[in-house]
Amino acid sequence: MIVLGIETSCDETAAAVVVDGHRILSSVVSSQIAIHRPFGGVVPELASRNHIKSILPVYRQALEDACVSEDKVNALAVTQGPGLIGSLLVGFSFAKAIAMVRKIPWVGVSHLAGHLNSVFLESDPPTFPYIALLVSGGHTAIYLVTSHTESDTMGQTRDDAAGEAFDKVAKMLGLGYPGGGVIAALARQGDPGKIRFPRSYLDKTRFDFSFSGIKTAVNRYIQEHSQDLPNRIADIAAGFQDAVVDVLVYKVITAAVTTECKRIALVGGVAANERLRSAVTAEAEKRGLTVHIPALSLCGDNAAMIAAAGYHLLESGIRGDVTDDVYSRQFNRPLTNNA
Ligand code: KG4
Ligand code: ZN
């Protein structure tokens, strides 16, 4: 089945053509980073307006790159939430309209289920069940994933998402937006042992996260050493990154050990972080666990993961309805269908 995926939940306009939920024929991502950078974060209204401009060219590019004509597409999958409402509405209305004109099935997909399914776009995907650490700019959570369409949330952040913490610390250090990649690059030149920021484990037997304490500690350190910041900035980045990574690694490994699950997946934008990738892999190896991490292009937001997740919903008979609406937060909605 050829599924065309569409993703517009935040500031990336993306479309992709994927066969049977795993073989990518094309994946086009049009980033708005340059538009939002001067504002230090995503401006929702600007995001919506730019999705409107980009959606049709991005859709056409995905078909062209895939060498697939529109009439060969069997179904559409589109992000329904969580995300910015104005952004989601652009992709969702567009996909609905295309599916209705072309009289093909379509389905709304959770953005989080998309990230969880991103590992199936790689050549050696995990078997079920597996533990997933989803770390992005909007979410940080651990799931026990039991099928393409079912997962239990074991824990999630009580305040900031891990990526959000990276972005906020980068802002404090005057490094611009988004901050994850910049902090990671700077951390490579720093000594992670120089400044020890607090690790917030909360209850060590549970899987919730909190990153606001680390963020506050970094802010305090910056205020106290404002005169000497240029000499310390790389050590601050390295110390902060290690504090976040230590907590993420501890929680995901503990989740796998507790559930006796042998496989771990690392997904979402922060899964691009080299330190996190190597630390999870090293700790997992010690315990005989296998780690699955998608390629960098599949860690950040993309539409191939939406097509992959949508394929499995379509296969299980789920279809979008003309009255379906988007949603901004996941709350206690099931991750993998649009109920
Ligand atoms: O999944 P994603 O593209 O969008 C959301 O769904 O939020 O994740 C974006 C987040 C941003 O917060 C960005 O700073 C972070 O991922 N990020 C990183 C790295 N690359 C991107 N964080 C840490 N290290 C990186 N190398
Ligand atoms: Zn995302």
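Note that ligands are numbered from 1 as they come in the structure, with each ligand's atoms numbered from 1 the same way. For clarity, every value in this text was computed on a predicted model and none was experimentally measured.
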Identify, by atom number and element, the atoms of ligand 1 in contact range of [X], meaning under 4.0 Å from any of its heavy atoms.
{"X": "Gly300", "result": "3 (O)"}
{"X": "His115", "result": "1 (O), 6 (O)"}
{"X": "Ser136", "result": "1 (O), 5 (C), 6 (O), 7 (O), 8 (O)"}
{"X": "Gly138", "result": "7 (O)"}

So which heavy atom in the protein is nearest [atom], and how far is it from that ligand atom?
{"atom": "atom 24 (N) of ligand 1", "value": "Asn273 ND2, 2.9 Å"}
{"atom": "atom 20 (N) of ligand 1", "value": "Gly269 O, 3.6 Å"}
{"atom": "atom 14 (O) of ligand 1", "value": "Asp167 OD1, 2.7 Å"}

When you measure from [atom] to each heavy atom in [options], which option holds the nearest one?
{"atom": "atom 25 (C) of ligand 1", "options": "Gly180, Cys299, Ala161", "result": "Gly180"}
{"atom": "atom 9 (C) of ligand 1", "options": "Gly114, Ala170, Gly137", "result": "Gly137"}
{"atom": "atom 2 (P) of ligand 1", "options": "Leu296, Asp301, Asp11, Asn302", "result": "Asp301"}

Determine, using heavy atoms of Gly181 and all atoms of ligand 1, whether some pair is separated by less than 4.0 Å.
yes

If we only consider heavy atoms of Glu274, is any one of them less than 4.0 Å away from an atom in ligand 1?
no

Measuring centre to centre across the rings, with the benzene-like ring taken for any Trp, is His292 within less than 6.0 Å of Tyr130?
no

Below 6.0 angstrom between ring centroids: does that apply to Phe92 and Phe94?
no

Within 2.8 Å of the Zn ion (ligand 2), is there any N, O or S atom belonging to His115?
yes

N/O/S atom of Cys10 inside 2.8 Å of the Zn ion (ligand 2), strictly under:
no

Atom CZ of Arg23: over 12 foreign heavy atoms under 6.0 Å
no

Tell me, yes or no, whether the heavy-atom count around Arg196 atom CZ, taken from other residues, nucleotides or ligands under 6.0 Å, exceeds 12.
no

Any [X] side-chain heavy atom under 4.5 Å of [Y] side chain:
{"X": "Lys215", "Y": "Met172", "value": "yes"}
{"X": "Leu298", "Y": "Met305", "value": "no"}
{"X": "Ile253", "Y": "Ile264", "value": "yes"}
{"X": "Glu315", "Y": "Met1", "value": "yes"}

Can you label the angle between the Phe240 ring and the Phe166 ring as parallel, tilted or perpendicular, going by 30° and 60°?
perpendicular

Are His225 and Asn231 close enough, and set up right, to give a side-chain hydrogen bond (donor to acceptor under 3.5 Å, both in side chains), and what steps lead you there?
CA-CA 10 Å; His225 299 87; Asn231 292 323; over 6 Å; no

Should [X] be counted as touching ligand 1, given the test is an N or O pair under 3.5 Å?
{"X": "Glu12", "result": "no"}
{"X": "Gly163", "result": "yes"}
{"X": "Ala184", "result": "no"}

Check the pair Gln241 / Asn273 against side-chain hydrogen bond (donor to acceptor under 3.5 Å, both in side chains), numbers first and verdict last.
CA-CA 9 Å; Gln241 177 175 264; Asn273 186 279; 2.9 Å; yes

Quick look: His139 vs ligand 1, heavy-atom contacts under 4.0 Å, and the answer is neither

For ligand 1, the portion of Val270 having any non-hydrogen atom under 4.0 Å away
both

Looking at the Zn ion (ligand 2), which N/O/S atom of Asp301 is the nearest one?
OD1

Are a donor atom and an acceptor atom from the side chains of Tyr221 and Arg232 found within less than 3.5 Å of each other?
yes

